[in-house]
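Data first, discussion second: the structure below is written as structure tokens.
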Amino acid sequence: MSARFKTWRFRMLCGVILFAAMPIRAQTCVSRVQPSNPSAVYASNAANNTVTDTRTGLMWDRCVLGLSGTGCSTGSAQTFTWDAALAAAGAANSAAYKGHTDWRVPNIKELLSLVEHCRFSPAINEIVFPATSSLKLWSASPINLATSSAWTVDFSDGSGSDYDRSNALSVRLVRAGQ
Amino acid sequence: MTRGRVSIFCAVTARFAVVVLACFSLSAASFAGCSLDVDGDGEVLATTDHVILTRYAIGIRGAPLIANALGAGALRTSAAAIESFIAIPCRQPGWVGDGTGRLNDTGITFGGNATAGNNAACTGANIAQQDCSKGRDANAVTNSAANGKAGFHFTKISNSGGKLPVTALLGSGVNDWACTYDNTTGLMWEVKASSGLRSSAHTYSWFTSDGTNNASGSGTANGGMCHDSINCDTEKYVQAVNAVGLCGRNDWRMPHINELAGLVDFGGAPPMIDGSFFPNTPSASMWSGSPYAFGSSDAWEIALFFGDVVANARSVANAVRLVRGGL
């Protein structure tokens with residue numbers, strides 16, 4: 001193996017290490033679990049306090065409905081029955097919430113994509129989505145085998161299960177990415 | 001990757017060159033996802049990672065691959081874990097890995113009433129805001145039944161890795177159907193068989209020797225019932241399928257829980273999947289490769305009778321469906 005070859009490989013490997021070491025504000029993960037949603041995959045939209053997942057193309061509201069601010073520390077989280085949650089998304093569109101008229105309550109697969117599996121309580125990237133409670137959020141997806149339930153994701157650990165539509169849960173709006 | 005750049009290395013270690021050059025030919029956005037830290041100790045060293053990669057490039061596998069070549073702080077300490085890692089050197093960050101990142105729709109084409117009851121069609125309370133009114137399932141351009149139920153878009157793949165028409169049948173011949181490619185997510189999935197190594201009746205406990213992603217626990221080795229009596233856990237099943245080169249590939253892996261959830265047809269009956277493209281699917285729980293952060297003895301599964309995404313003990317014997325990225 002020539003000396004020139006060895007030198008070039010070393011320079012390329014240095015490039016890998018340097019790039020990997022570029023500082024990105026990281027969330028706290030449980031030891032020995034890879035993050036599902038590291039901060040680097042999200043693009044922050046400062047103008048309207050939304051966040052885009054650059055892989056799925058989904059644009060998320062930074063806070064659940066009722067909270068606002070970059071730290072989601074203003075206001076208090078609203079809760080809705082499943083039907084009222086759907087209506088709230090419709091109302092947001094009528095009001096051109098944050099300049100958009102195509103918000104929706106996420107479907108169950110979209111909501112599951114928000115889960116950060118390397119942590120719990122809450123199982124979400126809290127750097128990107130601050131002040132997220134460890135409670136369930138509604139999806140827009142009804143369940144076929146339990147006709148009075150709809151799908152939810154429990155952000156204490158990220159599990160997806162059915163929950164009665166009469167319960168009052170928070171909502172995080174999403175748009176695009178479909 | 002141009003021919004000229006490959007020729008610099010071809011006299012030495014051809015496949016190692018492909019690994020390194022493939023990483024550097026990707027866009028900057030994915031650059032950080034190419035790692036040469038094969039033993040997971042946080043460093044890329046000539047005496048460890050380089051040695052292992054060179055051995056891998058000339059075909060060495062198993063114990064000789066890693067002999068005297070692991071770093072002091074290595075978290076991947078088995079040949080199995082390291083071979084799996086090297087097979088997929090470049091990944092997008094997070095759960096997307098080597099898929100496209102685009103999400104499947106849910107398969108839900110029915111609507112629900114406000115508090116109780118579902119309807120056969122997309123009618124119901126605030127229907128414009130319900131799942132069935134949005135996405136690929138609701139779009140006439142993308143919900144053709146010819147290539148998968150509702151908004152799903154699948155292509156059958158042969159044992160030799162080629163695309164097949166929708167009429168192709170399962171079998172063991174080179175041009176028989178054995179895998180299904182999901183055009184939306186960019187993932188190729190194993191199709192279970194009625195017998196043999198990949199029988200739908202086989203079960204596996206959850207086990208990994210990759211210390212970088214195990215929540216500080218290995219799980220249970222050989223706790224299922226499968227094609228033999230000693231290899232019935234998820235890590236060994238991955239090795240076995242790669243050894244036979246399913247659909248012409250040997251970079252099969254366990255799916256992330258989000259990838260497994262992406263395949264679920266939430267509008268269907270158990271086993272909650274499009275049976276035209278995924279026959280022989282048991283109405284049972286299926287393991288993902290994702291460890292559970294809340295408890296090091298658990299991992300994520302999907303209960304295919306209902307579609308629940310839950311954690312379960314790693315000792316439990318579940319069904320498995322392997323995945324890989326790309327065509």
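Just so we're on the same page: letters track the sequence lines, and every chain starts at 1.
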Region of [X] in contact with chain B, defined by heavy-atom distances below 4.5 Å:
| X | value |
| --- | --- |
| A:Val33 | both |
| A:Glu116 | neither |
| A:Arg119 | backbone |

Is there a side-chain contact between [X] and [Y] in this structure, where contact means two heavy atoms from C-beta onward sitting under 4.5 Å apart?
| X | Y | result |
| --- | --- | --- |
| A:Ser113 | B:Trp95 | yes |
| A:Asn93 | B:Gln129 | yes |
| B:Thr212 | A:Arg32 | no |
| B:Phe266 | A:Asn107 | no |
| A:Ser161 | B:Phe306 | no |

Pick from [options] with the largest number of heavy-atom pairs that fall under 4.5 Å of chain A:
| options | result |
| --- | --- |
| B:Gly268, B:Gly99, B:Ala269, B:Ala303 | B:Gly268 |
| B:Thr106, B:Thr115, B:Val310 | B:Thr106 |
| B:Gly117, B:Gly211, B:Pro270, B:Ala125 | B:Gly117 |
| B:Gly307, B:Gly267, B:Ser290, B:Pro291 | B:Gly307 |
| B:Ile302, B:Asp131, B:Leu75, B:Thr184 | B:Asp131 |
| B:Gly97, B:Ser133, B:Ala114 | B:Ala114 |

Taking the side chain from A:Lys109 and the backbone from B:Val264, do they hold a donor-acceptor pair closer than 3.5 Å?
yes
Contacts of [range] with chain B (heavy atom under 4.5 Å):
| range | answer |
| --- | --- |
| residues 136-160 of chain A | A:Ala140, A:Ser141, A:Pro142, A:Ile143, A:Asn144, A:Leu145, A:Ala146, A:Thr147, A:Ser148, A:Trp151, A:Ser156, A:Asp157, A:Gly158, A:Ser159, A:Gly160 |
| residues 84-91 of chain A | A:Leu86, A:Ala87, A:Ala89, A:Gly90 |
| residues 164-178 of chain A | A:Arg165, A:Gln178 |
| residues 49-70 of chain A | A:Arg55, A:Thr56, A:Leu58 |

Identify which part of [X] has an atom lying under 4.5 Å from any heavy atom of chain A, answering side chain, backbone, both or neither.
| X | result |
| --- | --- |
| B:Asn258 | side chain |
| B:Asp210 | neither |
| B:Asp105 | both |
| B:Leu45 | neither |

If you count every heavy atom of other residues, nucleotides or ligands that lies below 6.0 Å from B:Phe305 atom CZ, does the total exceed 12?
no
When every non-hydrogen atom of A:Pro38 is compared with those of B:Pro93, the smallest separation belongs to CG-CB, 3.9 Å
For A:Phe120 and B:Ala293, which heavy atoms make the closest approach, and how far apart are they?
CE2-O, 3.4 Å
Apply ring-ring contact (aromatic ring centres under 6.0 Å, His included) to residues A:His117 and B:Trp300 and explain how you reach the verdict.
CA-CA 9 Å; A:His117 299 92; B:Trp300 287 100; 5.6 Å; yes
Between A:Val105, A:Asn37, A:Ile108, A:Val115, which residue shows the highest count of heavy-atom pairs closer than 4.5 Å to chain B?
A:Ile108
Please round to the nearest 0.5 Å and tell me the distance separating atom CD of A:Glu110 and atom NZ of B:Lys134.
10.0 Å
